[in-house]
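Take a look at the structure set out below.
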Amino acid sequence: MTRYSIFSLARNALSYHRNWPQAWRSPDPKPAYDVIIVGGGGHGLATAYYLARNHGVTNVAVLEKGWLGGGNTGRNTTIVRSNYMLEPNAHFYEHSMKLWEGLSQDLNYNVMFSPRGVVNLAHSDGQMEAFMRRGNAMRLNGIDAVLLDREQVSQMVPLLDCSPSARFPVYGGLMQPRGGTARHDAVAWGYARGADSYGVDIIQNCEVTGIRREGGRVTGVETTRGEIAAAKVGIAVAGHTTQLCQMVGLDAPIESHVLQAFVSEPIKPILDTVVTSGATHGYISQSDKGELVMGGDLDFYNSYAQRGSVYVVEHVIAGLLSLFPAFSRLRLMRSWGGVMDMSLDGSPIICKTPVDGFYINGGWCYGGFKATPGSGWVFAHTIAKDAPHPYNEHFTLERFSNGTTIDEKGAGPYAKAH
Amino acid sequence: MLEIPCPYCGRRAHTEFTYMGDATVSRPADGPEASDRDWYEFVYVRLNPKGPHKELWHHTNGCRVVFEVSRDTATHEITGSAKLSDEGEAAS
Amino acid sequence: MPETSARRSALDGHYTEGPVAISQGAAAGVSLAERRDLALVQLDLKPGDAEGRKAAGALLGLELPATPGLSAANASGEGVALWTGPGRWLLGLPAGEGKASVTALAEALAGRHHAVIDLTQARTVVRASGPRLRDLLSKGVPIDLHPRVFPLGACAVTSLAHVTGVLHHAEEGVIDLFVMRSFGLHLWEWLHEAGEEYGLEVLPAITK
Amino acid sequence: MFMKMFMKSGAQSFRNGWGGAIDRGKPLTFIFNGKRYQGYEGDTLASALIANDVHLVGRSFKYHRPRGIMTAGPEEPNALVQVGDGAESEPNIRATELPLRDGLVARSQNCWPTVEYDVGQLTDVLSPLFPAGFYYKTFMWPASMWMTYEHRIRKIAGMGVGPHEPDPDHYDHHYGFCDVLVVGGGPTGLAAALTAGRAGARVVLAEQDRLLGGQLLSEADPGPRRIDGRTVPEWLAATTAELEALEEVRILRRTSAFGYYDQNMVTLCQHEEGRGPGVPRQRLHHLRVGQVILASGAIERPLVFANNDRPGHMLASAARSYVNRFAARPGTRAVLFANNDGAYKAAAEVAAGGLQLAAVIDLREEIAPELAEEMRRWGAQVLPGHAVTDTFGQNRLWGVEARALDGAGGVADGPRHLINCDLLLSSGGWNPTVHLYSHAQGRNRFDESIAAFVPDHCPQAITPAGAVTGAFDLKSCLEQGAEAGAAAAQATGFDAMVEPPRTEADPAPRPLKPVWSVPLPDGSHAKRFVDHQDDVTVNDVKLAQRENFTSVEHLKRYTTLGMGTDQGKTSNVNGLGIMGELLGRTPGEVGTTTFRPPYTPVTMGAIAGREVGAHLAPKRRTPMHAWHEAQGAAFVETGQWYRARYYPKGGEGLTEAARREVRHVREVAGLCDVSTLGKIDIQGTDAAEFLNRVYVNGFAKLPVNKCRYGVMLREDGIVYDDGTTIRLAENHFLMSATTANAARVLQELEFALQVHWPELAVSVSSTTDLWASMSLAGPKSRDVLQALESDIDVSNEAMPFMGHAAGTIAGIPAHIFRISFSGELGFELACEADHGIALWEAVMAAGEPSGLEPYGTEALGILRIEKGHVVIGPEINGTATADDLGFGRMCSTKKPYIGHRLKERSGLTHERRQQLVGLKAVDGSSRIRAGMQLVTNPNQPLPMKMEGYVASGCFSPNLKESVATALLEAGRERMDEELWALSPLHDEAVKVRVVSAHFIDPEGERIRA
Ligand SMILES: Cc1cc2nc3c(=O)[nH]c(=O)nc-3n(C[C@H](O)[C@H](O)[C@H](O)COP(=O)(O)OP(=O)(O)OC[C@H]3O[C@@H](n4cnc5c(N)ncnc54)[C@H](O)[C@@H]3O)c2cc1C
Ligand SMILES: NC(=O)c1ccc[n+]([C@@H]2O[C@H](COP(=O)([O-])OP(=O)(O)OC[C@H]3O[C@@H](n4cnc5c(N)ncnc54)[C@H](O)[C@@H]3O)[C@@H](O)[C@H]2O)c1
Ligand SMILES: Cc1cc2nc3c(=O)[nH]c(=O)nc-3n(C[C@H](O)[C@H](O)[C@H](O)COP(=O)(O)O)c2cc1C
Ligand SMILES: [Zn+2]
């Protein structure tokens, strides 16, 4: 692998950038691998990378039905945080956060992780109290959290309407200073390049259509590019988790819903932190290129269509403009959707399954981008060791039947509520 | 924005409705004849198909009826809707 | 009844008769008036109970519409029934007749499933008319109000200014708007603001 | 011979004295980059600048290269300006679309200090270091520095400047319906609208431009073209007049159809600025359409060649438009560079408009002799089989180099033609405007004959017609339009006749020659821009291919091709064409990226509509709202309701007022508005059975006129809601639900009745709005009631705790319920809403001798904590079971109810679950805040073991100490244990003792007094 640096950039400039190698190869699939990862999103690629890097398992293929990073990894609002209250989530996401902090260097790929702070706004005393509960739990779990009053929020986010007469007045906020954003595409590409450098085969335009089993054990996959054998198959297919599970006869407590996101036209820096508001159903940050990147509620119906209703866009933007009345004259440039794997308690599922050799990574709802490094890390561990890592031991399938669900919001067994 | 065909009120903007999920799950019997597994599946397991889906919608800003819609989750095409029981008046 | 028992409309204190935002001499695009001349009774039957429908209709002097989207009026025009759901009607009756009608209907329907509630004070009703009425309503009503689709006599339960509303095409070009009382003032303010560009006129509240 | 031309610029010195759809009688003054200019009504900012010979308009995104005006429409990648100042300022406005208005102030953006001398230009010099995606390869060391790099990068990136003050304007939404929507008011759209409109269909014709006519507006006037025997302007006027006269036809000008959604819904943004009071700046239409006719035309495609971004490089059709429609000459001496016949017409008309035509350079070896002849007649040198291989100029083009091509796609050894010009017209063919078709899930196919993507098939009711289908001659456009209009009218139930407007057929053009990028001569490393806005060059595409970013989607994201405000309208197809060549694939095989709404950028204000800011959500008011207001109450919103939070006296703040009110309730009596609690009327012979199924406790045996507290679970066994239900008659109950959940509880009840138990004869209905409810509480509350004129006996015997009676109070028909949330002797009074204030005032008056005072929700909150009552949120937190909250024994074992099965799961029944307890501060006074976490040892290392959390806390004015409710692991077994409540957020640690949560009157003596 050619190392990237300012020097390699300068050197290549002299040859008009004609000598850069491929960031990853596009090999034809081999007949058999030790491990097949289905899904070339951030999670699948990170899993392959850590299988090779942490566990020395390099005879690995990542099978992606389209172009890599084209799933939710390529369409999310890139918020990275670990501000969780419940212990299983807190420890897992904090592990992920720590990986983010060194990811560019580890991958030798600038993923532009930008810990610019994530501010969650409270619009009532009740929300302030809920934030105190969460923030205190974070702090006692060793995660950074700061409680802000209205004045502090207003100083940090000057364009925010903090007047008491607002329809949903800002009471204060909970901030995670280490939270921020990262460049979504770079995460996929950086992991792909890293995994490739260990010899992992990344195979695009290769849809898994079936999973072969013998005597209850996984033996390989059927794909649009032929059959490929493997002793272990791990899936990281986000919105398509149910389909892959059904290929081995497993039920999944997951529904696929569409979540939209949108960007404004690019403008000069105007917003330096990530701001989210539950009461007005929106979140917003500004990308390095200058667009305001925004998102909010689900569309609230099952969908695999990667696009949603304009009504939701209107609703989310109305909420955001109520917070930021100065953004009203800016213009929306593009909107799109992604297919969310909404687990029925809002927390992920990363586990081995009753089917030998079949491993699940899914149920990310709208928070899986920030999980990417941690998810790859523990999923690789689970696959390599055939046993969970301490950070994912609670993210089982059984928790739904035995009542140990991890319901951060207390929203209940409704996909659309999380 | 979807347009949901209420079997009573006709086609309406989906903002009038509340989505109530998969129409094919049914509540198990309350007695011992239903297993724990049945109950678990009723609450947690969804077929979540990519393609034709039967689902329930509640006409919240409307006639307040819960009815079944056949919608393709991959294309959002709606092929029909039906009342849950025949007792009601016809939409004629 | 003592003085203090005077009824208050949800619009009390916010009801200013006269033109609103109309330039001198121009005609109002939309006219608004609160209807205080109505008793409102909600009648529930078992959906599909044709006999019950007949019995109640006979009492009211009209045929309860079985078809969604329709209303029916009695001979005097003082009683109207709006279809608001399967087996459910909102009855508009002359003011003061609410409680008596509840009793009478309950008696007429004894022995069959029914629920009758006097909702007179649970709703705010605004009568709206004028050449720009459709334009104004189209800002907050997601259904088609073109006369080809929403003719005289049509009614619909739908959203109105982001709350649940019932619309009734009561007279040619006149639409009655029903919302929950707690949203009455919201609707009123919304109509004023959304209607500003068309020129509004608030008429005296309708009483009888 | 080869020298930089000197041009004199004066007031509209490049404006022709004839022709054009501008009103010379209405001069308009505007300021651009601080200089004052004049234009005319009918101009765009771009045409006015051109008339004033201003060509340097902006700077590019990455390299800050000087850029001019390239197009005459919404596809413009370059001429983006900052318009207005202060709160009204708007960035990134396309000068080519902006109607000129008097006093308009605009300036170039993304440049400093001026557009002529921009220091950012340095990036162009250093550009070898900044190929596509360079930022992924560097700025990584040291790790801590990224935030510093990022800060710089963010400043350099971005384009215009967003306003920093609230938008002073307002916007509106509109729901519309029609039989036929025609998108595009060009000849095709006009023919379609006319045909459908004449048939009687409800037609909406949407055109983003101010004028109807589309490409016809760029026809030479006077010109030879006749439609239905009329000149083009005459035909347009007559057609517009006829459409306007049709009652069911609505014309929306300056309205862009920007999104196509499911079930044939199209969203449109209409610009309405400056039309009187109350008129919104822009209006967003949601149009539900029977049949859509897509007559959106086509957008010309520039050619990609060396230094093709200098101000003065313009689409041939744009130059034609400036000359014909705006009577503005975009230069003095033009060169045409093209690969198709259509551009010759543009060149000829530009020449007819008063420009010299220096040369025609055609990529094709063969040109139709008559076209070549015509060009020569205009004085042009004609160079078939040639290409522009370089251009010259800094802030304005002053010349081009043309060379012959060899047969193998390279530059031939041959003479260099250096041609002096200040305008370079380029045309690489036309791309049909298929955006909306794609939003509608239509599929496009690559049509080799025009080398562009055209609509193929679509699941929605949309019919493309005219240039969008690749039909580029007027006759076919008019015919297709009329046919589509008739078919759409027929499909929506109208009889329609196909009578297309008649015009002469154009001679069939010779095939165009697609050349996605013009080769560079050996040794040249000049930039060839594909995406002018985001500065994506041919070399960037090549780099992407080399590094294996070969999918179009990777190409787009790696190079940012097509990701600017123009979304690649002039660049995407060129880019994928180049990638196709590198991969040996046809453009059809490479495919396009996904088209997404909006088609052109839409103001976020318009998307939000009128319901923003204070109007974001409807406000719900109780019947007594006006009374609270008059008393100066402070309000708080809960689930849309505005509730009186406290009634300050003197200069009291929240805490003092609430404590006073609490004490007053416990010591005297208080009156609180509780009308916001949900009321659900439940009737039917199975009503009791129904309640039995939805509450954990039994209701079947509840006597008439008695109330009972009930708890509801979700199906997963977790507590969902609680409230008191009264049996009014054998088959008639009135349920109350929490303010927050009321709407959903009703919905769940309806769901259960319709889906699970349709056999039950029960009707449910919300009657929340019917009732004005007030809670009278305190030791003197009975005295207050007894002072009222009433026929209801409120003695303990006649109305024990949980009793009910109806009668009149002060002449008002009313109910009294003996229930209490505060734990005091209490009564809830309810009457119908219109009498609410009257009843409230009567009670207040009757209470005066006893000292009755109103209290708000803040006091209510403290009272309930003192009593240990649980509420939604802090205690009913979505994860607690009935047993956790102390309702275990309430749960019936004799009947099933919602949630009864799954609540038995092992995870919900083990003994270490968090259970409801009370806490008191060991020192009596330290504040126990809601949200504190409970630990046994505050000095243990992180992460700490958390035993539970404080749900609600307050200083009890009655007990004069800090009390709290908490959910604590195995809490009920831990009475009297001492723990620490920690709030690291506040840097607080409080030693607490576990106690029962019923702090006040645990035996319920007061409540039953
Ligand atoms: C609009 C939006 C906003 C979001 N915002 C945030 C945010 O701010 N912060 C955050 O942390 N998270 C956010 N998320 C969630 C986050 O994007 C995802 O959870 C995360 O990216 C999932 O990564 P993944 O690798 O699991 O899935 P994906 O990136 O979706 O990858 C799964 C891949 O599997 C492939 N695949 C599916 N089926 C098959 C098959 N049969 N064979 C082969 N391949 C298959 C898919 O093509 C896809 O490429 C957001 C999501 C969306 C849609
Ligand atoms: N010489 C050539 O090669 C060539 C090529 C293409 C077109 N043409 C000519 O152009 C004309 C084509 O006629 P036509 O009517 O099909 O196209 P048109 O380009 O004349 O009209 C299309 C109209 O649609 C509008 N529009 C596009 N998208 C819109 C949207 N989303 N919302 C609102 N408005 C939108 C445009 O502003 C334009 O006015 C014919 O006269 C044809 O000869 C010539
Ligand atoms: C964080 C983020 C920033 C984006 N910024 C832009 C942008 O500046 N310009 C643009 O055209 N699209 C932008 N997009 C959207 C993509 O173009 C694209 O819509 C998205 O990746 C989904 O893919 P699809 O539309 O091809 O389905 C952005 C997407 C994300 C996730
Ligand atoms: Zn309905």
Side-chain angles (χ1 to χ4, degrees), chain A residues 65 207 209 237-246 249-258 260 297-315 337 339-345 349 362-363 397-405 407 412-417, chain B residues 1-6 11-28 34-62 66-82:
Chain A
K65 75 176 157 94
E207 178 170 356
T209 52
V237 292
H240 290 82
T241 305
T242 312
Q243 278 67 36
L244 272 290
C245 284
Q246 286 168 352
L250 279 178
D251 299 324
I254 284 179
E255 281 182 24
S256 299
H257 283 250
V258 58
Q260 300 187 67
D297 275 342
L298 290 177
D299 268 39
F300 299 126
Y301 46 81
N302 287 47
S303 171
Y304 287 85
Q306 289 193 339
R307 65 198 159 78
S309 300
V310 71
Y311 152 74
V312 178
V313 184
E314 292 166 5
H315 175 68
V339 185
M340 316 300 313
D341 35 341
M342 301 301 298
S343 70
L344 293 204
D345 65 354
I349 300 163
L397 271 176
E398 293 76 44
R399 69 179 192 263
F400 298 93
S401 49
N402 67 23
T404 54
T405 49
D407 188 347
Y414 314 105
K416 62 176 189 178
Chain B
M1 179 132 54
L2 302 180
E3 191 180 40
I4 305 293
C6 172
R11 296 184 310 188
R12 293 287 186 90
H14 99 256
T15 50
E16 291 188 3
F17 299 84
T18 310
Y19 180 66
M20 308 295 267
D22 191 331
T24 63
V25 292
S26 60
R27 196 168 187 275
S35 67
D36 289 351
R37 175 91 206 158
D38 294 337
W39 277 97
Y40 156 72
E41 287 183 359
F42 163 57
V43 174
Y44 290 107
V45 175
R46 298 291 175 266
L47 284 178
N48 191 26
K50 180 177 187 174
H53 189 230
K54 289 204 184 308
E55 57 199 26
L56 298 177
W57 291 79
H58 177 254
H59 197 178
T60 312
N61 281 344
V66 180
F67 57 94
E68 185 181 293
V69 173
S70 304
R71 189 179 57 94
D72 190 307
T73 61
T75 63
H76 295 175
E77 189 196 358
I78 293 175
T79 49
S81 68

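The figures here come from the full heavy-atom set of this structure, side chains too, leaving out hydrogens, waters and symmetry mates. So that the names make sense, note that chain A is the first sequence line, chain B the second, and so on, each numbered from 1.
Looking at B:W57, the atoms closer than 4.5 Å to chain A (heavy atoms on both sides) all sit in the side chain, from C-beta outward. Neither the backbone nor the side chain of A:Q306 comes within less than 4.5 Å of any heavy atom of chain B. Contacts of A:H315 with chain B are absent, with no heavy-atom separation under 4.5 Å from either backbone or side chain. Residue B:Y19 touches chain A through both its backbone and its side chain, counting heavy-atom pairs closer than 4.5 Å.
Taken from OG in A:S303 to NE2 in B:H53, the straight-line distance is 11.0 Å, to the nearest 0.5 Å. We find the CG-OG distance between B:D36 and A:S401 to be 9.5 Å, quoted to the nearest 0.5 Å. Rounding to the nearest 0.5 Å gives a distance of 12.5 Å between NZ of B:K50 and CD of A:Q246. Atoms CZ and CD1, from B:R46 and A:I254 in turn, are 12.5 Å apart once rounded to the nearest 0.5 Å.
Counting heavy-atom pairs under 4.5 Å between each of B:T75, B:L47, B:D72 and chain A puts B:L47 at the top.
Residue B:R27 qualifies as enclosed at atom CZ: its count of foreign heavy atoms under 6.0 Å is above 12.
Contact between A:A305 and B:A74 at its shortest, heavy atoms only, is CB-O, 3.5 Å. Pairing each heavy atom of B:R71 with each of A:N302, the nearest pair is NH2-O, 2.5 Å. Contact record, B:L2 with A:S309: N-OG, 3.9 Å, taken as the closest heavy-atom pair.
Remark: A:Y304 pairs with A:Q243, A:S256, B:N48 by the side chain to side chain donor-acceptor pair (under 3.5 Å) rule, at least two apart or across chains.
If you look at A:F300 and B:H14, their ring centroids are not closer than 6.0 Å.
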Let's go through A:T405 and B:Y44 carefully: what are the C-alpha distance in whole Å and the side-chain angles of both, what is the deciding distance for side chain to side chain contact (heavy atoms under 4.5 Å, CB included) to 0.1 Å, and is it a yes or a no? CA-CA 11 Å; A:T405 49; B:Y44 290 107; 4.0 Å; yes

Take B:T15 and A:E314 through the side chain to side chain contact (heavy atoms under 4.5 Å, CB included) test and state the conclusion after the steps. CA-CA 12 Å; B:T15 50; A:E314 292 166 5; over 6 Å; no

